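Throughout, a chain's letter reflects where its sequence line sits, starting with A, and its residues are numbered from 1. If you're wondering where the values come from, they're calculated on a predicted model, not measured in any experiment.
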Amino acid sequence: KMHIGHWYNYGPTDSWARFKKLKGFNVFEPIGYDAFGLPAENYAIKTGVHPQDSTLKNISDIREMIKQMGGMYDWDAELMTCAPEYYKWNQWLFLQLYKRGLAYRKNAPVNWCPSCQTVLANEQVLNDGTCERCGTTVIQKNLTQWFLKITNYADELLAGLNKIDWPEKTKLMQTNWIGKSFGTEVEFAIEGHDEKITVFTTRPDTLFGVTYIVLAPEKELVQQITKAEFKAGVEKYIEAVKSFSEIERISTVKEKTGVPTGAFAINPVNGEHVPIWIADYVLATYGTGCVMAVPGHDERDFEFAKKFGLPIRKVILQPGTNVEEELEEAYTEVGTMINSGKYSGLRSDEGIEKISLDLEAKRVGRRKINYRLRDWLISRQRYWGTPIPIVYCNSCGEVPVPEDQLPVLLPYNVNFRPDGGSPLVSNHEFVNTKCPMCQGEARRDVDTMDTFVDSSWYYLRYLNPKFNHGMFDTKLANEWTPVDMYVGGSEHAVMHLLYARFVHKFLRDIGLVNSDEPFQKLIHQGTITNQGAKMSKSKGNVVEPQSFMETYGSDVFRMYLMFMGPYELGGDWSDKGIVGVERFVQRVYAMFKAHAISAKVNPPKEKYEISELNEVEKSIYRKVNQTIHKVDVEIENFRFNTAVAMLMELSNELKNLDECRKDLQSYSLERFAVMIAPLAPHLGEECWKLIGKEKSLYENPLWFDADEKALSVDNTTVVVQINGKVRAKIDLAINTPQENVKKIVFADEKIKSYTTGKEIVKEIYIPNKIYTIVVK
RNA sequence: GCCGAAGUGGCGGAAUUGGUAGACGCGCUGGACUCAAAAUCCAGUCUGGCUUACACCAGGUGCCGGUUCGAGUCCGGCCUUCGGUACCA
């Protein structure tokens with residue numbers, strides 16, 4: 001069912017789209033259903049209802065509710081990702097990536113529950129590392145899985161951020177996620193082995209301070225180099241590490257653990273032999289999975305060395321300290337290099353360059369750019385998703401399904417909870433197939449794709465979801481994309497929004513779109529929580545909009561969601577203030593009704609001269625135009641809460657409407673109706689009709705510009721401050737010359753009482769606003 | 001842990017981006033209307049002090065410190081809450 005979060009996303013966004021429509025833009029506002037994924041599958045396991053049945057049912061329920069909302073969606077462009085006409089193109093996309101070497105298989109760990117004999121999502125693993133269903137400790141198990149080479153685009157994904165109008169914080173999160181770092185790879189020989197250990201470091205200047213080497217426990221090399229008498233300890237440690245999540249492993253507060261391998265590595269800069277350890281704080285997935293430990297100048301290494309009694313050597317001298325002082329903690333900033341052979345005396349940041357060059361010359365190292373970003377693992381051992389279009393043949397090996405045989409249909413009959421693997425294994429008709437190359441016996445890949453694949457290109461499909469000559473209609477795509485306004489929660493700041501950017505760039509590279517980025521402008525709506533927690537079925541704190549719709553109607557509900565607070569912040573749900581919006585709507589409607597007949601027979605002028613208006617009229621005319629001026633900017637920037645507040649202010653001002661000339665009443669009401677129309681579309685149309693307009697506003701879009709002349713004011717209040725405290729407020733004609741202001745200020749009795757007998761140090765005048773006097 | 005945000009009356013929030021803190025709304029209090037209630041309308045409402053009252057004074061935007069004539073806004077250091085952390089999407 002729809003919950004308030006959906007409404008919060010769709011309602012205000014529809015208001016923005018309506019605003020654009022009224023302003024004369026050609027607006028395409030589609031809606032659809034991202035329908036594959038884990039929740040439907042879990043629901044099936046729990047209740048036995050097939051994911052396809054529950055999903056289709058939910059979609060038809062949700063469609064009805066969205067229609068009640070009054071969004072101006074293009075229902076001809078509706079799509080759902082679980083339809084074969086849609087996911088066929090996920091498969092086609094996969095094949096294009098595969099053809100170009102951007103889809104490949106390798107081993108990667110999954111969460112495995114040994115008792116349920118199934119793969120678990122991170123979400124299904126509790127904080128203590130146990131299975132949410134049975135409480136068994138979850139372990140990491142390696143499976144061969146499909147990856148997409150998003151890392152090939154790392155640099156472009158970084159650079160492209162400069163070209164798009166996205167929140168700075170989102171761009172920053174993507175930048176940090178990609179995590180480009182400039183460093184050096186250094187090779188350490190291993191005592192008694194031909195193989196070498198390559199470490200990645202951003203601090204080659206600290207090479208002389210290396211006192212041990214740490215390998216990620218899962219590195220294969222560990223098996224080869226571990227000395228016999230250390231084997232037992234190493235094996236035990238590797239087993240123990242399997243139950244830790246990555247977050248736990250790299251936590252800087254968790255006590256460091258690790259064991260020695262008994263092997264030694266040789267430092268290429270000084271020939272020193274240092275012990276090789278394994279520890280879980282080193283990850284196999286980042287850099288080379290090997291770290292040179294410099295306890296003197298790295299916090300984690302320092303802590304580790306302290307705990308295990310490994311030597312700590314000072315090779316960077318902190319400015320203002322002396323060489324003999326012992327290190328209390330790791331010093332990680334720039335300093336003077338010491339105990340570093342011929343490099344001693346250099347500034348450490350210069351040393352980075354020097355040492356790197358020398359390592360390159362000696363062929364034991366090279367400068368290297370490293371990314372934190374990893375390739376995109378898309379294999380899921382689940383049912384409710386897109387089948388991966390690959391078959392495995394005994395003689396031909398891994399064979400892609402030919403494009404003309406797509407889609408590989410997701411079979412209906414499966415066991416959602418099989419023992420030991422992907423649910424699709426249970427359907428033999430699906431699994432057993434012919435090899436497209438040799439027609440021999442072959443087996444299909446039984447995994448499905450990550451649903452982020454579905455959501456990485458749907459905006460292109462929206463333009464014509466029935467298009468059957470390709471993934472989407474390139475002509476339309478080039479007309480309409482990049483998307484002008486994309487609205488979604490900041491929980492998507494990195495993953496979805498990075499994947500979509502990657503896929504868009506790939507589609508550009510194969511000539512299907514001509515733009516570099518999918519979403520030109522991005523806005524995040526905030527999260528609506530309930531009692532401080534994200535709404536979710538499992539927590540049982542979901543608030544449904546239905547009852548509010550029934551009590552107040554969709555306009556009031558929509559406007560209340562907008563009035564609650566800043567759109568990008570969201571907030572905790574409460575219906576406390578909704579009656580305020582209800583009253584406002586009723587007052588507006590009553591106002592239009594009261595003036596309906598008069599408005600029909602007294603058409604307004606296009607503009608009024610301020611001089612021809614009396615005081616009440618002047619005030620109303622000004623307020624109307626100021627409101628137009630501000631509401632325009634506020635809606636444009638998704639500041640709906642203040643837009644609604646301004647219309648409330650205007651409605652308060654219009655309480656005097658009866659005191660002004662009839663045609664000015666019509667003038668005010670026309671503008672009010674147009675301004676309220678995007679925020680409360682049903683009310684807007686109703687008001688528009690009441691004042692005698694025959695055609696719908698949305699059929700004949702209209703938006704008024706403010707009369708610039710009405711925005712200026714005659715008088716202003718100048719605040720007088722003495723030593724930063726407000727002491728008087730003086731009403732003055734606008735743009736009164738400073739000398740005159742000064743005279744008036746110093747003539748003020750109150751100001752006199754604060755200034756007489758004091759020395760005036762300084763006077764600052766901010767025109768039409770503030771006169772500040774500093775006294776001593 | 002790491003990355004990114006947020007914190008303002010009894011409550012949701014506003015503040016032209018360094019210039020009158022509390023717009024707009026809820027709630028509450030008082031009044032009008034009513035036989036009465038509901039609805040509606042009008043007035044008041046940051047806290048404390050002083051005053052018959054108008055006024056006036058002091059304090060006040062999570063905490064501590066700094067810059068400035070002036071800080072909710074800028075800088076440094078914390079605290080709390082929220083989002084993400086690569087298999088929820």
Side-chain angles (χ1 to χ4, degrees), chain A residues 34 36-39 42 108 110-111 119-125 145 150 167-170 172-177 179 245-254 281 285 300 372-382 450-452 454-455 488-496 498-499 524 526-527 529 532-534 536 538 560 563-566 568-572 574-581 583-584 586-587 590 630 633 639 641-642 644-649 651-652 655 717-726 728-729 750 761-764 766 769-775:
Chain A
D34 184 15
F36 272 141
L38 188 64
N42 282 341
V110 292
N111 300 312
V119 175
L120 297 177
N122 290 341
E123 198 185 44
Q124 299 173 294
V125 182
Q145 309 188 72
I150 188 173
E168 284 307 316
K169 64 157 186 162
T170 309
L172 186 57
M173 277 191 269
Q174 290 214 345
T175 302
N176 292 338
W177 183 266
S245 72
E246 204 172 285
I247 292 176
E248 290 172 305
R249 285 176 57 166
I250 59 175
S251 165
T252 51
V253 291
K254 173 177 159 268
Y281 76 88
T285 49
R300 290 172 314 170
R372 206 187 71 99
L373 180 68
R374 308 203 290 253
D375 278 338
W376 178 8
L377 167 58
I378 60 155
S379 295
R380 296 292 180 272
Q381 295 70 41
R382 305 197 188 287
D450 179 6
T451 56
F452 276 128
D454 315 0
S455 56
S490 62
E491 69 270 22
H492 292 303
V494 270
M495 307 189 70
H496 161 59
L498 199 61
Y499 294 142
H524 293 307
T527 313
T529 54
K534 211 174 158 182
S536 76
S538 53
Y560 177 59
F563 185 58
M564 269 178 19
E568 291 171 71
L569 275 186
D572 207 40
S574 158
D575 59 5
K576 261 188 166 178
I578 195 167
V579 292
V581 176
R583 285 175 197 153
F584 169 62
Q586 296 301 349
R587 270 199 300 271
K630 287 193 261 173
V633 181
R639 289 193 292 262
N641 55 332
T642 46
V644 174
M646 283 164 192
L647 287 168
M648 285 175 169
E649 278 189 53
S651 126
N652 290 339
K655 279 174 186 161
T717 303
V718 169
V719 171
V720 187
Q721 291 186 343
I722 293 172
N723 291 351
K725 286 195 185 297
V726 178
K729 294 172 188 179
K750 189 139 175 250
V761 182
K762 208 187 213 179
E763 287 168 67
I764 301 152
I766 313 292
K769 253 184 201 166
I770 285 196
Y771 199 98
T772 289
I773 303 163
V774 184
V775 300

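Contact of the A/Val125 side chain with the A/Glu123 side chain is not registered, since no non-hydrogen atoms from C-beta on lie closer than 4.5 Å. Side-chain contact between A/Val775 and A/Ile722 is present, with at least one heavy-atom pair separated by less than 4.5 Å.
In this structure, the nucleotide among B/rG13, B/rC56, B/rU85 sitting nearest to the side chain of A/Pro566 is B/rG13.
One atom, CZ of A/Phe584, and another, C1' of B/rG13, lie 17 Å apart when rounded to the nearest Å. The interatomic distance linking A/His524 (NE2) with B/rG84 (P) rounds to 12 Å, in whole Å. Across the protein-nucleic acid pair, A/Asn641 atom CG and B/rC11 atom P stand 19 Å apart, rounded to whole Å. To the nearest angstrom, C1' of B/rC56 lies 13 Å from NZ of A/Lys729. Atom pair A/Leu373:CG and B/rG84:P shows a separation of 19 Å (rounding to whole Å applied). Atom-to-atom, CZ of A/Arg639 to C1' of B/rA15 comes out at 12 Å; the value is rounded to the nearest Å. For the pair A/Ile770 CD1 and B/rU68 P, the computed distance is 19 Å after rounding to whole Å. Remark: P of B/rC3 and CD1 of A/Ile250 are 10 Å apart, rounded to the nearest angstrom.
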Inset, instruction - Would you mind building the protein contact string for nucleotides 44-50 of chain B? One character per nucleotide, 5' to 3', B for base within reach (heavy atoms under 4.0 Å), S for sugar-phosphate only, - for untouched. - result: -------
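Residues passing the side chain to side chain contact (heavy atoms under 4.5 Å, CB included) test with A/Thr772, sequence neighbours excluded: A/Gln721, A/Ile764, A/Ile770, A/Val774. A/Arg380 pairs by the side-chain hydrogen bond (donor to acceptor under 3.5 Å, both in side chains) definition with A/Asp450, not counting sequence neighbours. For A/Leu172, the side chain to side chain contact (heavy atoms under 4.5 Å, CB included) partners at least two apart in sequence or on another chain are A/Asn176. For A/Pro167, the side chain to side chain contact (heavy atoms under 4.5 Å, CB included) test picks out A/Lys169, A/Thr170, A/Leu522, A/His524, with sequence neighbours left out. Residues forming a side chain to side chain contact (heavy atoms under 4.5 Å, CB included) with A/Asp375 (at least two apart in sequence, or on another chain): A/Tyr104, A/Phe147, A/Lys149, A/Ile150, A/Thr151. In this structure A/Phe563 satisfies the ring pair (Phe, Tyr, Trp, His ring centres under 6.0 Å) test with no other residue, sequence neighbours excluded. Residues satisfying the side-chain hydrogen bond (donor to acceptor under 3.5 Å, both in side chains) test with A/Ser251, not counting sequence neighbours, are none.
Taking CE of A/Met648 as the start and CZ of A/Arg587 as the end, the distance is 7.5 Å to the nearest 0.5 Å. Atom CG of A/Leu373 sits about 6.0 Å away from atom CG of A/Leu498, to the nearest 0.5 Å. Here the straight-line distance linking atom NZ of A/Lys729 with atom OG1 of A/Thr717 works out to 8.0 Å at 0.5 Å rounding. Note that CG of A/Leu120 is 9.5 Å distant from CG of A/Leu38, once rounded to the nearest 0.5 Å. Taking CD1 of A/Ile378 as the start and OH of A/Tyr499 as the end, the distance is 10.5 Å to the nearest 0.5 Å.
Taking atom P in both B/rU8 and B/rA14, one finds a spacing of 11 Å when rounded to whole Å. The P atoms of B/rA5 and B/rG76 are separated by 13 Å, rounded to the nearest whole Å. A gap of 46 Å separates the C1' atoms of B/rU45 and B/rU85, to the nearest Å. For the P atoms, the distance linking B/rG59 with B/rA71 amounts to 12 Å, nearest Å. Of the C1' atoms belonging to B/rU68 and B/rU73, the separation is 13 Å, rounded to the nearest Å. Straight-line distance between the P atoms of B/rG9 and B/rC64: roughly 15 Å, to the nearest whole Å. Remark: the separation of the C1' atoms in B/rG49 and B/rG1 is 49 Å, to the nearest Å.
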So which protein N/O to nucleotides 25-27 of chain B N/O distances come out below 3.5 Å?
from: B/rG25; atom 1: OP1; to: A/Asn652; atom 2: ND2; distance (Å): 3.2
from: B/rC26; atom 1: OP1; to: A/Arg583; atom 2: NH1; distance (Å): 2.7
from: B/rC26; atom 1: O2'; to: A/Lys576; atom 2: O; distance (Å): 3.0
from: B/rG27; atom 1: OP2; to: A/Arg583; atom 2: NH1; distance (Å): 3.3

Could you write out each protein N or O paired with an N or O of nucleotides 87-89 of chain B at a distance under 3.5 Å?
from: B/rC87; atom 1: OP2; to: A/Arg380; atom 2: NH2; distance (Å): 2.7
from: B/rC87; atom 1: O4'; to: A/Arg380; atom 2: NE; distance (Å): 3.2
from: B/rC87; atom 1: O3'; to: A/Asn122; atom 2: N; distance (Å): 3.3
from: B/rC87; atom 1: O2'; to: A/Asn122; atom 2: N; distance (Å): 2.5
from: B/rC87; atom 1: O2'; to: A/Asn122; atom 2: OD1; distance (Å): 3.2
from: B/rC87; atom 1: O2; to: A/Arg382; atom 2: NE; distance (Å): 3.4
from: B/rC87; atom 1: O2; to: A/Arg382; atom 2: NH2; distance (Å): 2.3
from: B/rC87; atom 1: N4; to: A/Gln145; atom 2: OE1; distance (Å): 3.1
from: B/rC87; atom 1: N4; to: A/Ser379; atom 2: O; distance (Å): 3.4
from: B/rC87; atom 1: N4; to: A/Gln381; atom 2: OE1; distance (Å): 2.5
from: B/rC88; atom 1: OP2; to: A/Asn122; atom 2: N; distance (Å): 3.3
from: B/rC88; atom 1: OP2; to: A/Glu123; atom 2: N; distance (Å): 2.7
from: B/rC88; atom 1: O4'; to: A/Glu123; atom 2: OE1; distance (Å): 3.0
from: B/rC88; atom 1: O4'; to: A/Glu123; atom 2: OE2; distance (Å): 3.4
from: B/rA89; atom 1: OP1; to: A/Leu38; atom 2: N; distance (Å): 3.1
from: B/rA89; atom 1: O5'; to: A/Thr451; atom 2: OG1; distance (Å): 3.3
from: B/rA89; atom 1: O3'; to: A/Asp34; atom 2: OD2; distance (Å): 2.7

Kindly give the atom pairs (protein nitrogen or oxygen, nucleotide nitrogen or oxygen) under 3.5 Å for nucleotides 69-72 of chain B.
from: B/rC69; atom 1: OP1; to: A/Lys762; atom 2: NZ; distance (Å): 3.0

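For the pair A/Ser574 (side chain) and A/Lys576 (backbone), a donor-acceptor distance under 3.5 Å is present. Although no hydrogens or angles enter the test, the distance criterion places no donor-acceptor pair under 3.5 Å between the side chain of A/Ser490 and the main chain of A/Ala493.
Residue-level contact check: A/Leu172 touches the backbone only, with heavy atoms under 4.0 Å from sugar-phosphate atoms and none from bases. The residue A/Lys254 sits apart from the nucleic acid: no heavy atom pair falls under 4.0 Å.
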Inset, instruction - Could you provide the dot-bracket string of RNA chain B, using ( ) for intrastrand pairs, [ ] for crossing pairs and | for bases paired to another strand, with Watson-Crick or G-U pairs below 3.5 Å? - result: (((((((..(((......[....)))((((((.......))))))((((......))))..(((((..]....))))))))))))....
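What you find for A/Tyr281 and A/Ile250 is that their closest heavy atoms are O-CG2, 4.1 Å. Heavy-atom minimum distance, A/Val718 versus A/Tyr771: CG1-N, 4.0 Å.
Because its glycosidic torsion is more than 90° from 0, B/rG44 is reported here as anti. Look at B/rU80: its glycosidic torsion is beyond 90° from 0, and that puts it in the anti range.
For B/rG4, the OP1/OP2 oxygens have a side-chain nitrogen or oxygen of A/Asn176 closer than 4.0 Å.
Two residues, A/Lys655 and A/Arg372, neighbour RNA chain B, and the one matched to the more 5' nucleotide by heavy-atom proximity is A/Lys655.
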